[in-house]
Amino acid sequence: MDKTYNPASIEPHWYATWERNGHFRPAGEGDPYCIMIPPPNVTGTLHMGHAFQDTLMDILARYHRMRGDNTLWQPGTDHAGIATQMVVERQLNAEGTDRHALGRAAFVEKIWEWKAQSGGTIQNQMRRLGTSVDWSRERFTMDEGLSAAVREVFVRLHDEGLIYRGQRLVNWDPVLQTAVSDLEVESSEEQGSIWKLRYPLADGDGHLVVATTRPETMLGDTAVAVNPEDERYRHLVGRHVKLPLVGREIPIVADEYVDPAFGTGCLKITPAHDFNDYEVGQRHGCTPINIFTEEARVNDNAPAAYQGLDRYEARERIVADFEAAGLLEGIEPHKLMVPRCDRTGVVVEPYLTHQWFVDLTREVQEDGRPGGWAEITRPAIQAVRQGDIRFVPDNWTKTYYNWLEDIQDWCISRQLWWGHRIPAWYDGQGGVYVGHDEADVRRRNGLDETTALTQDEDVLDTWFSSALWPFSTLGWPEETPELATFYPTSVLVTGFDIIFFWVARMIMMGLKFRGDVPFREVYIHGLVRDSEGAKMSKSKGNVLDPIDIVDGIDLESLVAKRTTGLMQPQRAPAIEKQTRRAFPEGIAAHGTDALRFTFASLATTGRDVVFDMGRVDGYRNFCNKLWNAARYVLMNTEGEDCGSGDGGIELGTAERWIISRLQRTERAVAEAIEGYRMDQAAQAIYEFTWDEYCDWYLELSKPTLQGDADPARARGTRQTLVRVLEALLRLAHPIMPFITEEIWQRVAPLAGVDGDTVMTRPFPVAEAGREDPAAEAEIEWMQRFILGIRRIRGEMDIAPGKPLPVLLQNAADLDRQRLQRHRAELDFLARLESVTVLEAGEEAPESALALVDELEVRVPMAGLIDKAAELARLDKERRRLADDLARTEGKLANEAFVSRAPADVVQRERDKLAEGRSALERIDGQMARIERL
RNA sequence: GGGUGGUUAGCUCAGUUGGGAGAGCGUCGCCCUUACAAGGCGAAUGUCGGGGGUUCGAACCCCUCACCACCCACCA
């Protein structure tokens, strides 16, 4: 093995080997285990969130594969309608053209080209991260099979009346010029104004004052509403106002919706451009008047003076005209929630259009008659309530219920060009026909060639196809063996941000079309944030490419990467400055295993993770530690008899101890992974490897192997070194696949283990019978002995290499036996020159003291002793003991504690009291002796 | 307006039936002791957000307040 750990030289090689040998394909004889990858945007790149998520899934996949489960991790990508179309449109803009100039067919062709060109990025990133997905089954949401599934679902839902087309008020993005669903709208508080406008009464004098945050919509007003209980206005209900600038007379109506305490208590009603007004308008028989074009410019329904103005230009003009007419009562600053499209950031306009919807509110009874329970959402709620699906952590169930219980119909049509074309055809006479294709439509409806049919121009919401992912990727609507084997899948690993977009919809569709849940568990993880806790985003310039942490990147390249291709190029200087501050040296290469270990250690209980490069440094060091430990083991075992010969072996206390500790670790790791606590799994592995195997066991093995120890003991030691390491490598493999494989290849033969790769070896299973409390107690005694000496060295400034004579006072029989058994290890680890056991009554010379329970370990300090330093040291120890003792005495003096606390707790305190008193007594004695010097 | 999560060492975070406050990084000493200086050995560091309650005993359970973050919601 190389002297230094160099991840770049091992990682790509092993991934290629695994893939070439087909180790990612389902193969186990055991239960099926399946994870569907949340498909990333096909033309995107993986960010830290993906890397985190992929690591979690890969740990699960590798763990289950090693447990013998028939494991499928299904990969694939999503066509991501809006996002992808926008990327390509930006490219066209840069070339000085646009999609309209190109035409639909050519534009879609352009996107396919872009996909082909950029599509490999994600796969390459995933390979570098070690993700053990079955590439042979890779799917894309727009490939033929998945598109067939989409059409099948659409047709069937439509046949059942669960998909309908209707004219509704929807969220409209005037830049993209498409409808978006409720979920794609993000509202945030912004500073605006409230304008108070006077509407003169149509008959007679006087006026009403309406308050509005959107004065321009008054062009489409169809009524003014007041609260029926409002004494101020009650007498006006039924009369009319004359809409200024427009001249239309509109009624004053009474509606409970109006809050008399807000604004002026008079509400202008614009049914075509406000969701609330739409409903109020409906109640009062108002016909909505649409005043905007698809670009949100004022249309022909408004007076000529305003036609063609953008909605914000129109606002200014209208306010000015009100003012000029003396009809502007006032303007007040006002904070309001502004709805914006999550993709473009454009303010969404409520807009009346024809769209396709999935009916999520229809209710049926058991016998199929109308009324009763919500046909689509109730089973989805029940599945979770009954435990058919379990959320981890559980608190997300509440979020899930709340959303489903108050859901609106899902607008699934988009006025885009990139996506699944809606399988509906029009005959131009008002006839709408749905089918798998035009021929199917003609067949189903008896339409011959004399009827011209044109297909709907719109495409489906991307999430429509994503909702089918758990079964469409397995071949549905065909009844494939894979579908039978792997559906329902085992677990969905995803972020909370897409519970509504994706998780809930998969559950609804899975139940509807497979009659069973799409997955048994949903493991919700947190968001990866930057070191300052901010969300990572390209526009903020704080994104990290996980591969840059793996391979490292110099500062200039990082700056360049973060400042090119920005939606807002003006942010580049700020991003550059921030990047130079955060990474003055660029980013060092850490390797994939260190990055993965970091992700695992950050995966606590679903809360967001603040990404700290210091952690990666630490875990890179951990990889290095493991590497060097392996080098030590190989140096001492290669070419040696590791117990496979005829000589037989003997295991010492240290061997029985480390084997015992390994069992506990194995159990802890398995439990942690099963419970989705990757942080605990990582920590257990870390502590066992560093604090026990390296710090103690490797050191304990040295005297045994170096001296003229018993050959059987040496063989036992070598065997234990190799076997424990081999098990440790299997234990750590799901988290750190590369380094474990590299080392395992060298270690496995020495441990007598066959196999091509660690990834198909069984995951270690703890054997309770190999736990050894006696050995653990004995090694703990030794550790306390050694630590006592080391502390004296450290605090007395004695060189670590200087051999020390040691005196033992008050040694019990067990202490004497242990001393005899472990003399060589103690000499080596504590650097002892000699050990003298003092008999009762024998006086110790001036010395520094360490306590191992009743045993007093003394280092004679003749001439060397620094009286003040030793007194200070002892005093510190004394204070600690005295504080402890006082607390214990206080508890035991409390009658209520003694009588009410459980007996074992009380007994523990009593033991502590005795030990504490004894220790304190001896410290006091020691201090008195030192004082006398 | 509803809801969720958080507040523990300088930083990032663990702390699972309430019973001696922990890790990593950072900091401070001493060491190039042939597995590892990406290391070894030793050390320091916390009114567990504030207040109240339950309990023999609270970081943990209950109430309340403060602050932070996020989600949902139609107040013009």
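Worth saying up front: this structure is predicted, and the values here are computed from it rather than measured. In what follows, every chain begins at residue 1, and chains take the letters A, B, ... in the order their sequences are listed.
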Subject >> Residue pair A:Pro215 / A:Ile318: nearest heavy atoms and the distance that separates them >> reply: O-CG2, 4.1 Å

**OP:** Look at A:Lys802 together with A:Glu833 and state whether they make a salt bridge at an N to O cut-off of under 4.0 Å.
**Re:** no

Original post:
In whole Å, what separates the P atom of B:A58 from that of B:G51?
Top reply: 14 Å

**OP:** Rounded to the nearest angstrom, tell me the gap between atom CG in A:Asp608 and atom P in B:C13.
**Re:** 9 Å

Original post:
Under 6.0 Å between the ring centres of A:Trp396 and A:Phe391?
Top reply: no

Subject >> Closest listed nucleotide, where the reference is the side chain of A:Arg620 and the choices are B:G19, B:A38, B:A35 >> reply: B:A38

Original post:
A:Gln706 CD to B:U33 P: how many Å, rounded?
Top reply: 15 Å

Original post:
Looking at residues 667-686 of chain A, who's got a heavy atom less than 4.0 Å off RNA chain B?
Top reply: A:Arg677, A:Gln680, A:Tyr686

**OP:** Measure from the side-chain N and O atoms of A:Asn636 to the backbone N and O of A:Tyr632, and report whether any donor-acceptor pair falls under 3.5 Å.
**Re:** yes

**OP:** Rounded off to whole Å, could you give me the CG-to-C1' distance for the A:Leu336 and B:C74 pair?
**Re:** 13 Å

Original post:
What residues form a side chain to side chain contact (heavy atoms under 4.5 Å, CB included) with A:Pro288, not counting sequence neighbours?
Top reply: A:Pro271, A:Ala272, A:Tyr278, A:Leu352

Subject >> B:C30 and B:A14, which share atom name P, separated by this distance in whole Å >> reply: 36 Å

Original post:
What dot-bracket string describes RNA chain B from 5' to 3', counting Watson-Crick and G-U wobble pairs whose defining distances are under 3.5 Å, with [ ] for crossing pairs and | for pairs to another strand?
Top reply: (((((((..((((.....[..)))).(((((.......))))).....(((((..]....))))))))))))....

**OP:** With the side chain counted from C-beta on, respond yes when A:Lys625 and A:Thr689 share a heavy-atom pair under 4.5 Å apart, and no when they do not.
**Re:** no

Original post:
Are A:Asp679 and A:Ser601 close enough, and set up right, to give a side chain to side chain donor-acceptor pair (under 3.5 Å), and what steps lead you there?
Top reply: CA-CA 4 Å; A:Asp679 61 319; A:Ser601 72; over 6 Å; no

Original post:
Between A:Lys335 (NZ) and B:A76 (C1'), how many Å, whole number?
Top reply: 18 Å

**OP:** For A:Phe262, answer base if it contacts any base atom (sugar-phosphate contacts may also be present), sugar-phosphate if it contacts only those atoms, and nothing otherwise; contact means non-hydrogen atoms under 4.0 Å.
**Re:** base

Original post:
Of A:Val185 and A:Glu699, whose nearest nucleotide on RNA chain B comes first from the 5' end?
Top reply: A:Glu699

**OP:** In whole angstrom, give me the gap between the C1' atoms of B:A59 and B:U16.
**Re:** 14 Å

Original post:
Between B:C11 and B:C72, how far is it from one P atom to the other, in whole Å?
Top reply: 31 Å

**OP:** From the options B:G20, B:A35, B:A73, select the nucleotide whose nearest atom is closest to the side chain of A:Met337.
**Re:** B:A73

**OP:** Write down the distance separating the P atoms in B:U34 and B:G40, rounded off to the nearest Å.
**Re:** 14 Å

Subject >> Interatomic distance where CD belongs to A:Glu189 and P belongs to B:A69 [whole Å] >> reply: 13 Å

Original post:
What integer distance in Å separates A:Leu626:CG from B:A35:C1'?
Top reply: 11 Å

Original post:
Want to settle it: does A:Ala896 or A:Val610 sit nearer the 5' end of RNA chain B, counting the closest nucleotide to each?
Top reply: A:Val610

**OP:** Decide if atom CD of A:Gln408 counts as having more than 12 heavy atoms of other residues, nucleotides or ligands within a radius under 6.0 Å.
**Re:** no

Subject >> Heavy-atom donor-acceptor pair, A:Arg620 side chain to A:Asp593 backbone, under 3.5 Å >> reply: no

**OP:** For residues A:Leu208 and A:Thr264, determine if any side-chain heavy atom of one lies less than 4.5 Å from a side-chain heavy atom of the other.
**Re:** no

**OP:** Pick base, sugar-phosphate or nothing for A:Val905, based on heavy-atom distances below 4.0 Å to the nucleic acid.
**Re:** base

**OP:** Report the distance from atom NZ of A:Lys802 to atom P of B:U33, rounded to the nearest whole Å.
**Re:** 18 Å

**OP:** Kindly say if A:Thr604 contacts the phosphate of B:A14, meaning a side-chain N or O under 4.0 Å from OP1 or OP2.
**Re:** yes

Original post:
In residues 253-260 of chain A, which ones come under 4.0 Å of RNA chain B, going by heavy atoms?
Top reply: A:Tyr257, A:Val258, A:Asp259

**OP:** Report the C-alpha separation of A:Arg340 and A:Glu186 in whole Å, then their side-chain angles, then the decisive distance to 0.1 Å, and conclude whether the salt bridge (Lys or Arg N to Asp or Glu O under 4.0 Å) test is met.
**Re:** CA-CA 5 Å; A:Arg340 291 176 182 274; A:Glu186 286 182 346; over 6 Å; no

Subject >> Sidechain-backbone polar pair: A:Asp2 side chain, A:Thr4 backbone, donor-acceptor under 3.5 Å >> reply: no

Please list, for nucleotides 39-43 of chain B, all pairs of protein and nucleotide N/O atoms separated by less than 3.5 Å.
unit_1 : atom_1 : unit_2   : atom_2 : d
B:G39  : OP1    : A:Asn621 : ND2    : 3.0
B:G39  : O3'    : A:Lys625 : NZ     : 3.2
B:G40  : OP1    : A:Lys625 : NZ     : 2.9
B:G40  : OP1    : A:Trp690 : NE1    : 2.8
B:A43  : OP1    : A:Arg791 : NE     : 2.8

Original post:
Just checking A:Phe500: base, sugar-phosphate only, or nothing, at a heavy-atom cut-off of under 4.0 Å?
Top reply: sugar-phosphate

**OP:** Give a yes or no answer on whether the side chain of A:Asp409 reaches the backbone of A:Leu360 with a donor-acceptor pair at less than 3.5 Å.
**Re:** yes

**OP:** Could you work out the separation of B:A66 and B:G49 based on their C1' atoms and round it to a whole Å?
**Re:** 8 Å

Original post:
Roughly how far apart, to the nearest Å, are B:U8 and B:G15 at atom C1'?
Top reply: 9 Å

Original post:
When rounded to the nearest Å, what value does the distance between C1' atoms of B:G2 and B:A9 take?
Top reply: 37 Å

Original post:
Do A:Leu634 and A:Leu750 come close enough that some side-chain heavy atom pair is under 4.5 Å?
Top reply: yes

Original post:
Aromatic rings A:Phe599 and A:Phe611: how do their planes relate, parallel, tilted or perpendicular, breaks at 30° and 60°?
Top reply: tilted

**OP:** Quick one: label A:Cys623 by what it contacts on the DNA or RNA (base, sugar-phosphate, nothing), any heavy atom closer than 4.0 Å.
**Re:** nothing

**OP:** Using a strict 4.0 Å threshold on nitrogen-to-oxygen distance, state whether A:Glu825 and A:Lys702 make a salt bridge.
**Re:** no

**OP:** Send over the distance from A:Asp612 CG to B:G26 C1', rounded to a whole Å.
**Re:** 10 Å

Subject >> Check: A:Ala830 main-chain N/O paired with A:Arg793 side-chain donor or acceptor under 3.5 Å >> reply: yes

Subject >> Lys/Arg N to Asp/Glu carboxylate O, A:Arg887 vs A:Glu889, below 4.0 Å >> reply: no

Close N/O contacts between protein and nucleotides 2-6 of chain B (under 3.5 Å):
unit_1 : atom_1 : unit_2   : atom_2 : d
B:G3   : O3'    : A:Lys398 : NZ     : 3.4
B:U4   : OP1    : A:Lys398 : NZ     : 3.0

